[in-house]
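Working notes, beginning with the structure itself.
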Protein chains: 2
Amino acid sequence: MNTPETMTAVENRLVQLNPHVSVDCVIFGFDEGDLKVLLIERNLDELDHQSRLYSLPGNLVDDNEDLDTSAMRILKELTSIENLFLEQFYAFGDPNRVKNSTDAQWLNAVRDVPTARVITVAYYSLVKIGDYQTAPSSFARKTWWCPVSETPDLAFDHNKILNAALRSLKNKLRIEPIGFELLPKKFTLGQLQKVYETILGTVLDKRNFRRKILNKGFLKPLQEKQKGVPHKRARLFEFDQETYDSLKSGQLNFEF
Amino acid sequence: MNTPETMTAVENRLVQLNPHVSVDCVIFGFDEGDLKVLLIERNLDELDHQSRLYSLPGNLVDDNEDLDTSAMRILKELTSIENLFLEQFYAFGDPNRVKNSTDAQWLNAVRDVPTARVITVAYYSLVKIGDYQTAPSSFARKTWWCPVSETPDLAFDHNKILNAALRSLKNKLRIEPIGFELLPKKFTLGQLQKVYETILGTVLDKRNFRRKILNKGFLKPLQEKQKGVPHKRARLFEFDQETYDSLKSGQLNFEF
DNA sequence: ATATGAGCGTGTTGATATGACACATTTGAG
DNA sequence: CTCAAATGTGTCATATCAACACGCTCATAT
């Protein structure tokens, strides 16, 4: 361990010149008609439950580790899922990302050089909450699927990052059909519509939505139907990756 | 100066843990119906003109400098223009970005710690070649407006970065009207159409293009006309920022 | 058993946007 | 004064879009 006190002037200079680089992940899930984001809880003082601080999952990039690899590592540690939708969307480099003394306190606890500047590369990811349950297995800290509409104050500039992620997600959804990434493998059109409505922040007409999305041709209707619902059972659909790929290579447009 | 030889083990470790962070800029211009990119020429050996190596303009991020600020600094040094269209589009962190011995050789010449890993945050920028001439004033090295279709092998992973920039630019153009950023303040619809055609890589129908773009409402027709052309003079137009802003805040769509 | 509540599934019409398509005009150059 | 080159203009057929309402089916509650 190198604490600041033991560092030489040269070491200090090197640390100043070389910012740390981290990766932060905005992990989106969809549950009960709500868009959620996976937050990590840090108890600064185990006994004081008032001092709860939430942040996005993230970590320093390892030596010799690609940025994408680093993001996947963080995701896997948290969710133990490997093949996820994952996309880098922005790098945040404000020299004053440490916004208050609580942030600084936490950095002191976990970093070798807590005063060093940190530049973070942010990713967002879409996971199927329904299929895989959150598996904080190897991870020591508590996690929380927080509805994005109720996000509390987060550490550092994480609120800013989350907002940027939402904007990117919205743009992406208008250009590529990624909504199903948030749903179980088999889903109903109602669920899919809810995803679109939630992310785009609009209300859509059911009949128009069905027509539009089915005409794209990448949704495969199954024979199977919903079970155990207190109303008419909806037909289940699957995203048909193969057809999608072949349609996409045919230069087709998927703007919604 | 700290050469690797004089460094202690601790210093080495710090350098390893803390990658350098740089900003690279893909500066696009448009000239004679061609999309161009501003490259920098590095002569490793002043006498050997065979050893020409081109790269994107870029630099290490200064201590306490925001990423955007850093990008603007690089741009200003090269073009002496301040208010440019500038957009961050991706961070590249492959640990093996130094692709060959020429790269390494160059790093040796300009960096304190040439072996350190470098993570780069890439921006692209749109400039009006016509209005402002390239002013490499304060800049020692030679620059070249290279047609993107004829890009040579570039240093490091700069070809990859350039390609990604092109993709981002294409996406952006379909969503927001940024074509005029590449043209003089006053331009003809023919010029603008050429910009769209070049960036999108398609051929467009003149009448349909005019109808579509004029219906958006943010192009202000001027009384003035083109001069000195060996054919009918085209009417000049201006991008009307005010109208655009007010239309945009009205939630309108500008997809092309 | 039966009534209720909740979400499913379905088609038409009018308005708007789009792509395809051709020719006379104006200018500088030779 | 002829030529080459780019401007400017309208229609029609098609596709896309938004708006709109009601009967059906299931689980639950009574």
Side-chain angles (χ1 to χ4, degrees), chain A residues 30-34 130 174-175 177 183-184 186-198 200-217 219-238 247 250-256, chain B residues 30-34 130 174-175 177 183-184 186-198 200-237 247 250-256:
Chain A
F30 193 76
D31 194 21
E32 300 172 20
D34 235 6
R174 305 180 110 279
I175 291 170
L183 296 173
K186 302 171 179 181
F187 51 86
T188 71
L189 292 186
Q191 293 174 304
L192 189 59
Q193 180 176 347
K194 215 42 177 278
V195 168
Y196 274 81
E197 290 181 331
T198 309
L200 298 179
T202 55
V203 175
L204 300 171
D205 178 86
K206 203 203 311 186
R207 283 172 287 193
N208 293 339
F209 177 80
R210 298 178 141 252
R211 178 169 28 120
K212 198 164 170 180
I213 206 90
L214 288 177
N215 278 342
K216 309 268 185 202
L219 288 189
K220 185 162 64 185
L222 304 175
Q223 292 320 311
E224 220 168 328
K225 296 208 167 184
Q226 236 178 353
K227 274 180 209 160
V229 287
H231 53 73
K232 185 169 174 181
R233 294 165 179 166
R235 174 181 297 277
L236 293 173
F237 289 79
E238 259 183 16
L247 289 173
Q251 312 287 357
L252 280 187
N253 229 4
F254 290 103
E255 294 192 14
F256 185 78
Chain B
F30 194 77
D31 195 22
E32 300 173 19
D34 236 6
R174 306 178 108 280
I175 291 171
L183 296 173
K186 302 172 180 181
F187 52 86
T188 71
L189 292 186
Q191 292 174 305
L192 190 60
Q193 179 175 349
K194 215 40 175 281
V195 168
Y196 275 81
E197 289 181 332
T198 309
L200 298 180
T202 56
V203 175
L204 302 170
D205 179 85
K206 202 202 313 185
R207 284 171 287 191
N208 293 339
F209 177 81
R210 298 178 140 251
R211 184 182 33 180
K212 198 164 171 180
I213 206 90
L214 287 177
N215 278 342
K216 308 270 184 201
F218 50 68
L219 289 188
K220 185 162 67 185
L222 303 175
Q223 292 321 311
E224 221 168 326
K225 297 208 167 184
Q226 236 179 353
K227 274 180 210 160
V229 287
H231 53 72
K232 187 171 174 182
R233 294 167 179 165
R235 174 181 297 278
L236 292 174
F237 289 80
L247 289 172
Q251 311 289 357
L252 279 187
N253 229 3
F254 289 104
E255 293 191 14
F256 185 79

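A note on names: the letters A, B, ... follow the listed sequences, proteins ahead of strands, and every chain is numbered from 1. Here the structure is a predicted model, which means the values were calculated and not measured.
- Of the inter-residue distances, the one linking B:N215 atom CG with B:R210 atom CZ reads 12.5 Å to the nearest 0.5 angstrom.
- Nearest-nucleotide mapping onto DNA chain D: of B:T188 and A:P230, the residue sitting toward the 5' end is B:T188.
- Note: CG (A:L192) to C1' (C:dC8) measures 15 Å, nearest angstrom.
- Between the side chain of B:K206 and the base of D:dG8, at least one donor-acceptor pair of N or O atoms lies under 3.5 Å.
- For the pair A:F209 CZ and D:dA19 P, the computed distance is 16 Å after rounding to whole Å.
- As rounded to whole Å, 13 Å separates atom C1' of D:dT11 from atom CG of B:D205.
- Nucleotide C:dA20 holds its P atom 8 Å from the CG atom of B:N208, rounded to whole Å.
- Within the nucleic acid shown, A:R235 comes within 4.0 Å of sugar-phosphate atoms alone, with no base atom in reach, counting heavy atoms only.
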Inset, instruction - Any chance you could lay out the side chain to side chain contact (heavy atoms under 4.5 Å, CB included) test for A:T202 and A:Y196, step after step, and finish with the verdict? - result: CA-CA 8 Å; A:T202 55; A:Y196 274 81; over 6 Å; no
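- Looking at every heavy atom in both residues, A:L204 comes nearest to A:Q193 through O-NE2, 3.0 Å.
- Look at A:R233 and you'll find a side-chain N or O under 4.0 angstrom from OP1 or OP2 of D:dA27.
- Summary of the strand contacts: A:H231 and B:V229 both lie near DNA chain C, and taking for each the nucleotide with the nearest heavy atom, the more 5' one is attributed to A:H231.
- For C:dG11, its base never sits under 3.5 Å from the side chain of A:R211 at any donor and acceptor pair.
- Distance NZ (A:K227) to P (C:dG7): 21 Å, rounded to an integer number of Å.
- Under 3.5 Å, the side chain of A:R207 and the base of D:dA18 form no donor-acceptor pair of N or O atoms.
- Scanning all heavy atoms of the two residues, the minimum distance from B:L236 to B:Q226 falls at CG-N, 4.0 Å.
- Nearest heavy-atom pair, A:G33 versus A:K194, reported as atom, atom and distance to 0.1 Å: CA-CG, 4.0 Å.
- Nucleotide D:dC17 holds its C1' atom 11 Å from the CZ atom of A:F256, rounded to whole Å.
- Following rounding to the nearest Å, B:Q191 (CD) and D:dT7 (C1') show an atom-to-atom distance of 13 Å.
- Between A:L189 atom CG and C:dG9 atom P the separation is 7 Å, expressed in whole Å.
- Side-chain atoms of B:N215 stay outside donor-acceptor range of the base of C:dA17, with no qualifying N/O pair under 3.5 Å.
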